[in-house]
Amino acid sequence: MASLKLYFALYHEIVAPKISVYRDLISIHEAWKVLDESELYTGLIHVGFVRPNIVDSDKLLAFKGKVLSTAAAKWALPSNYQSSAGSIVEVSLSNNKMPIHLMLDGFGYLDRDYSSKASDLSSIVEEGVQSLHSVALNYLNETKSAESKESIFAYIVENNLASFSVNKPVTVLENELEKYCQTSTSESRLFGKTTENKYYSIEAFIGVVSGWVKLIQGNDIKLFDDLYEVA
């Protein structure tokens with residue numbers, strides 16, 4: 001299965017886009033700092049499983065000299081890197097509409113929040129899409145593996161399955177997962193959680209357990225979770 005990567009893309013009116021993978025945010029900061037004529041470029045930070053393919057990247061050229069972030073990357077940035085509360089533009093990324101946010105500081109400049117949602121901080125699940133726990137369950141059923149809350153969040157945002165405008169959206173997702181991840185045998189329990197704090201789908205795993213392992217599942221949830229982690 002593909003792993004999450006940190007991408008930094010540079011867009012120029014004449015030069016072809018350059019998209020690179022970085023190990024950490026400091027490396028991106030340094031790359032922008034030493035870029036010649038950075039005022040002619042627009043930088044874009046993205047976190048995802050696949051290389052960002054933006055077909056309408058010309059929209060980003062209205063923000064030359066600035067660094068932007070996709071919605072997927074916005075929530076992965078440390079608190080000292082402030083970004084706009086709402087999106088400043090929307091682009092087509094991997095066949096999905098992706099909100100783009102403006103980095104307000106941390107990259108050699110200080111800007112104010114021009115977004116329409118600057119004073120409207122609320123959590124919104126798009127109308128017509130499934131609840132967060134249902135989306136997460138579908139994802140874990142598909143992967144048939146234990147995944148971190150960050151990986152689940154990246155999948156949701158990257159596929160435009162929900163829109164968040166709160167300061168800690170990963171925490172909102174985690175709280176939703178925990179509602180269905182209680183250490184009980186109730187029918188509402190949808191997820192298991194390993195000692196590494198990764199979540200997996202009980203539904204996806206139920207078909208492969210039998211005998212004494214199945215008995216443990218019914219009587220000692222924590223031990224069952226630990227066995228799953230080893231598996």
Side-chain angles (χ1 to χ4, degrees), residues 2-12 16-29 31-32 35 38 41-107 109 111 113-118 121 123-126 129 132 135 139 147-173:
S3 59
L4 282 172
K5 295 182 178 65
L6 177 63
Y7 296 93
F8 186 52
L10 292 170
Y11 298 94
H12 190 280
K18 181 181 178 182
I19 304 175
S20 305
V21 177
Y22 287 83
R23 294 176 60 90
D24 51 51
L25 192 60
I26 294 177
S27 300
I28 292 179
H29 188 278
W32 178 257
L35 179 66
S38 61
Y41 287 85
T42 300
L44 178 68
I45 303 172
H46 176 61
V47 174
F49 295 104
V50 296
R51 180 187 178 92
N53 178 24
I54 300 178
V55 296
D56 50 356
S57 60
D58 56 298
K59 293 181 179 179
L60 305 179
L61 297 178
F63 306 95
K64 293 177 183 177
K66 302 294 174 66
V67 175
L68 314 178
S69 76
T70 62
K74 172 180 172 65
W75 310 115
L77 299 175
S79 58
N80 56 310
Y81 286 87
Q82 299 295 319
S83 60
S84 60
S87 62
I88 56 172
V89 68
E90 191 175 70
V91 298
S92 297
L93 191 157
S94 302
N95 298 319
N96 287 309
K97 291 295 184 181
M98 175 65 73
I100 301 298
H101 299 262
L102 172 66
M103 299 303 303
L104 302 177
D105 60 13
F107 287 90
Y109 63 85
D111 210 338
D113 194 346
Y114 298 96
S115 68
S116 60
K117 292 185 179 180
L121 297 178
S123 176
I124 303 173
V125 177
E126 298 284 359
V129 302
L132 285 179
V135 173
Y139 172 57
E147 301 292 340
S148 67
K149 59 188 178 185
E150 291 80 10
S151 293
I152 298 172
F153 174 75
Y155 169 82
I156 291 173
V157 174
E158 199 167 61
N159 288 278
N160 202 31
L161 299 175
S163 176
F164 300 85
S165 57
V166 291
N167 290 326
K168 297 181 179 180
V170 177
T171 301
V172 172
L173 172 62

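All values derive from a computational prediction rather than experimental measurement. Position 1 is the first residue of the sequence, and the numbers go up from there.
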Does any non-hydrogen side-chain atom of Pro52 lie less than 4.5 Å from one of Ile19?
yes
Looking only at heavy atoms, the pair that brings His101 and Gly86 closest together is ND1-O, 3.1 Å
Among all residues two or more places apart in sequence or in another chain, which pass the side-chain hydrogen bond (donor to acceptor under 3.5 Å, both in side chains) test with Ser38?
none
Distance from Trp32 atom CH2 to Ile45 atom CD1, nearest 0.5 Å?
10.0 Å
Residues two or more places apart in sequence or in another chain: which of them pass ring-ring contact (aromatic ring centres under 6.0 Å, His included) with Tyr11?
none
According to side-chain hydrogen bond (donor to acceptor under 3.5 Å, both in side chains), who are the partners of Thr42, at least two apart in sequence or on a separate chain?
none
Hits for side-chain hydrogen bond (donor to acceptor under 3.5 Å, both in side chains) against Thr70, two or more places apart or cross-chain, chain-then-number order -> His46
I want to check something: taking the side chain as every heavy atom from C-beta on, are Ser151 and Leu4 in contact at a cut-off of under 4.5 Å?
yes
Who are the ring-ring contact (aromatic ring centres under 6.0 Å, His included) partners of Tyr155, not counting sequence neighbours?
Tyr139
Give me the atom names and distance for the closest heavy-atom approach of Lys97 to Ser92.
NZ-OG, 3.4 Å
Would you name the heavy atoms of Glu90 and Pro99 that are closest together and state the gap between them?
CG-N, 4.3 Å
Can you name the nearest heavy-atom pair linking Ala72 to Phe153, along with the distance?
O-CE2, 4.4 Å
Residues pairing under salt bridge (Lys or Arg N to Asp or Glu O under 4.0 Å) where one sits in residues 45-62, two or more places apart or in two chains, turn out to be Asp56-Lys59
Looking at residues at least two apart in the chain, or sitting in another chain, which of them share a side-chain hydrogen bond (donor to acceptor under 3.5 Å, both in side chains) with Lys18?
none
Could you tell me which residues satisfy side chain to side chain contact (heavy atoms under 4.5 Å, CB included) with His29, sequence neighbours excluded, listed by chain and number?
Tyr81, Phe107
Correct closest heavy-atom pair for Tyr22 and Ala31 would be OH-CB, 3.4 Å
Can any side-chain N or O of Lys74 pair as donor or acceptor with the backbone N or O of Ser84 at less than 3.5 Å?
yes
Which pair of non-hydrogen atoms, one from Leu6 and one from Arg23, has the smallest distance, and what is that distance?
CD2-C, 4.5 Å
Rounding to 0.5 Å, atoms CD1 (Ile54) and CG (Leu44) come to a distance of 5.0 Å
